[in-house]
Structures are given as structure tokens and as C-alpha cells.
There are 2 protein chains.
Amino acid sequence: MAKRETTKDKILNAAEALFAEHGFEQTSLRQITAEADVNLASVNYHFGSKKALIQAVMARYLEVLMPALNAEFDQLEPRAQFSTRDVFDCFREPLNALKKVRKGGPTIFLSLLGFAYADIQGHLRRYTMEHFGEVMHRLLALLHVANPNLSPADMFWRLHFVLGASVFAQVSGPALREIAAADFGESIAADQVVDRLIPFLAGGVDAPTA
Amino acid sequence: MAKRETTKDKILNAAEALFAEHGFEQTSLRQITAEADVNLASVNYHFGSKKALIQAVMARYLEVLMPALNAEFDQLEPRAQFSTRDVFDCFREPLNALKKVRKGGPTIFLSLLGFAYADIQGHLRRYTMEHFGEVMHRLLALLHVANPNLSPADMFWRLHFVLGASVFAQVSGPALREIAAADFGESIAADQVVDRLIPFLAGGVDAPTA
DNA sequence: GCATATTTTAAACATGCGTTTTAATTTAAA
DNA sequence: TTTAAATTAAAACGCATGTTTAAAATATGC
């Protein structure tokens, strides 16, 4: 028999949901503790600070994603030839694995990542970069192999355009899906956004310069 | 002889600079009035509220950009054939015209737009969309002509990926330029970022689906 | 030049935030 | 059961924000 949900977990779960919907700064500890039905002070008791809570929320996903992503890269790296598309497809499985963390995990995580990345000069940017720095470098190297014609500087910028498109697509995803549903009469699942995103990104990276 | 800079303008200019650098929410009225060297209460006296001030800052640019952009579209629309690249190139001149508002106007405006877009559920999103709604629809229609093979839903999403990449490139532009300068020993002007962006966007939009 | 309207100023207000404190309570170990 | 540790609870703290007030200063129109 599983122990009843602990206070710490109640906080993490409530925080995660609110963060993914409204962002980190826009979510107050009072909202979180009300949603989690725990005392306000328990956040600082269990996590020490709001910053630490945010990082704890991210950590649950990063611990699953990072090994999986590196494994995919390990598999691709030794190959003599691969395409830009092959590189981006490396993200599919690791992202999908986040379903193990939670139903809707992939979407939730990408939203969190988006808010972290959008938080331009906060501690989150640094925290995220620390955890993604290695991935970014491997990604740059792999993309360079797939596109030897592009200069490192060009590839640098394109990689960041890629990040921008991905991140904002997720952050504004819910709002956009509403509009899409209204305009086109079809509701679009979050997974399908990634499916639509990857060809776009590959096309952008593979585009001729100038 | 021009009258000495009025309080209202001092506020607008200081606010614009701070907003473009740190975002709307992250900039306080006290920072703005200190920078402008005016009294704190004068913001509410002249503009009524912070929200109204933000909109006034945006308005100075939108009033220049919108007519120019619609003029470009008017020119392209009757043509029998045009490419995705042609559509995106419509933005070059209108953006460039923002230099009339201020030195560095194009970059400043795109930063402001980026923060407005990133502010997901604030009033800014609605305000921006109200002013860009028509442009968005024209843009969608034009892109559909340039890419008749893409379904409206696909094009809708790709347009938003385009927005995400653009917005992000501007918001995190300064930080990225620093990194790029350090890594590649080349300093990149803001205008050149747009030059790098447009081929990427066109490549993404033109990419095959699936 | 005076009366009136406009603008500037300093101070305070109300609110919400993350955090801290201190005491009560529950849990676990001896 | 008793004692010690861990957790929960309520309240307050200190701070920053946007906004409002009311008096002082300035500019405007007759």
C-alpha cells in the first residue's frame, strides 16, 4: 500500500501544474500552497526557497530526459552520415519518455522549459543552461556534421532560432490551440505540435544561407 | 526652436528603453521615473496607469509600422506568383522605417514585441493581437498562396513557429550576440540577425510536411 | 497682473510577495 | 510511555509594487 501523498509531493505537483500554465514568476507560493492544500510555510521548510522549489520541479524531468537524450546522441554520433532531421528526431523518444513522469509530461516539461528560457536574465536561464550546456554542444556538433556547408556562426544562430520556435510554440501552445480550434474547427493535441515542429525546424536549418 | 523635451516624452523615452531591455513586468515605474528624472506620480497623471503607458510606447511604433506593412502587402497581393521569401521580405522595409522613430528603432520595437508576445496571458497579448490580427490574417493568406500545398492548419502552426523564432531572436538577441562574439570572434549587428533569420524562416515554412 | 487651470511634488496608501518566527502538533525512537 | 525529533500551523515581518491624495509650484488666458 502506497503511503498517502506526502506534503512535499503535494507541493511539487501543484507547483508543476501552475508553473506550466502561468510561468514561474507569475505563480505565487500562496497559489501553490492553496492548490496543494498545505501551509504556506511548508514550501520554505521542505525546499528552502521558491528558487529551490522551481529547480526541484525541473529536476524530476531533467533526470529522465537527459540520460535518454544522451543515449540517442551516442547512437547517432558514430554514424558516418546523418541528416538534420535525424538529429532532431533524437528528441522524439526522450520527450516521449517523460510520460512516465506524468500524463502529459512532455507538454508540461516543454512549457516549463519555455518559461525557464524566456525568463531572460533570471537564475533559471543559468540553471537551464548548466543542465543543457553539454546537450547544446553535442547538438551543435551533430548539426555541423549533418550540415558541413554551414559556418559555425550560422549554425549557432540557427540553433537558437530553433530553440525560440520550440520554446514559444510550447509556451503559447494552449492559447494557440484555442485559436486553431476556433479557426479550423479541429482541436490539436500537444504531441502533434512536436510532429509539426520537427519538419519546420529541419527545413529551417537546412535552408541555404543569404 | 523645438520646445524642451516634455515630461510626457521623457517618460515615454525612458520607459521604452527600459522595457526593451528588461521587459514590461520587470520594469517598475520607479525605475522609469528615476531614469526620466521626473516625479513618480507623473506617470499616472499623464497616462493613467502603467498599462496605458505600455500601450503608448507600443503605439508610437505601430503607427509607423502598420501602414507601411499593409502597403507592402498591397503590392504583393495582386501578383500571380510569389515565394515565401517574397512574403517575409515584405517586413524588411517597414521594419527599417522604424529608424525614423528612433535610432535603433527596428531592434527596440522587435524587443518590445517579443516581450509583449511572451507575456502570455496578460493584457499585452490581447492588445498586440488586436493590432496584429489583420496583419496575421493577410500574412496567412499570402503564405498560403506562396505554398498552396500546405494545409491551412499546417500553415497556421508554421506561422506561429515563425513568430516564436523571430520574437525569441530579438528578446535574447543581446545575450546571444555576446556569446557569439566571444565564441566566434565576430560581432554581429542586430540588423544582421534579421538577415540570418529570414532564410531560416523561409526554409522552415517551405519544408515538406510529415 | 490677477485668476484660473495645469502640472509637479512629496508623502502615504493598499496590496501582494517571499520569507521568518514561534508555538502547536504529530511522528518516531528509546 | 516518555522523550526527542520532525513536521505543520498561524501570524507577522520586511520589502517592493502600482496607485492615490492633497498641497505646492508653474504656466495659461483674460
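These values consider heavy atoms only, across backbone and side chains, with no hydrogens, waters or symmetry-generated copies. Naming convention: chains lettered A, B, ... in sequence-line order (proteins, then strands); numbering from 1 in each chain.
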Separation of D:dT8 C1' from A:Asn39 CG (nearest whole Å): 6 Å
Under-4.0 Å side-chain N/O to phosphate OP1/OP2 contact, A:Thr7 with D:dT7: no
Distance below 4.0 Å between A:His46 side-chain N/O and D:dA6 OP1 or OP2: no
B:Glu72/B:Arg92 salt bridge by N-O under 4.0 Å criterion: no
Rounded interatomic separation in angstrom, taking CD1 from A:Ile32 and C1' from C:dT19: 14 Å
Shortest non-hydrogen contact from B:Leu150 toward B:Ala207: CD1-O, 4.3 Å
Spacing between A:Leu53 atom CG and C:dC17 atom C1', to the nearest angstrom: 15 Å
Between B:Asp9 and B:Thr6: side-chain donor-acceptor atoms closer than 3.5 Å: no
Integer-rounded Å distance: D:dT8 P and A:Glu5 CD: 12 Å
Rounded distance in Å - NZ (B:Lys10) to C1' (C:dT8): 11 Å
From NZ (B:Lys8) to CG (B:Leu53), nearest 0.5 Å: 10.5 Å
Taking every non-hydrogen atom, the tightest pair across A:Ala15 and A:Val57: CB-CG2, 4.1 Å
Where protein sits on nucleotides 12-21 of chain D, one letter per nucleotide: B base, S sugar-phosphate only, - none, heavy atoms under 4.0 Å: B----BBBBB
Pair B:Asn39-B:Ser42, side-chain donor/acceptor within less than 3.5 Å: no
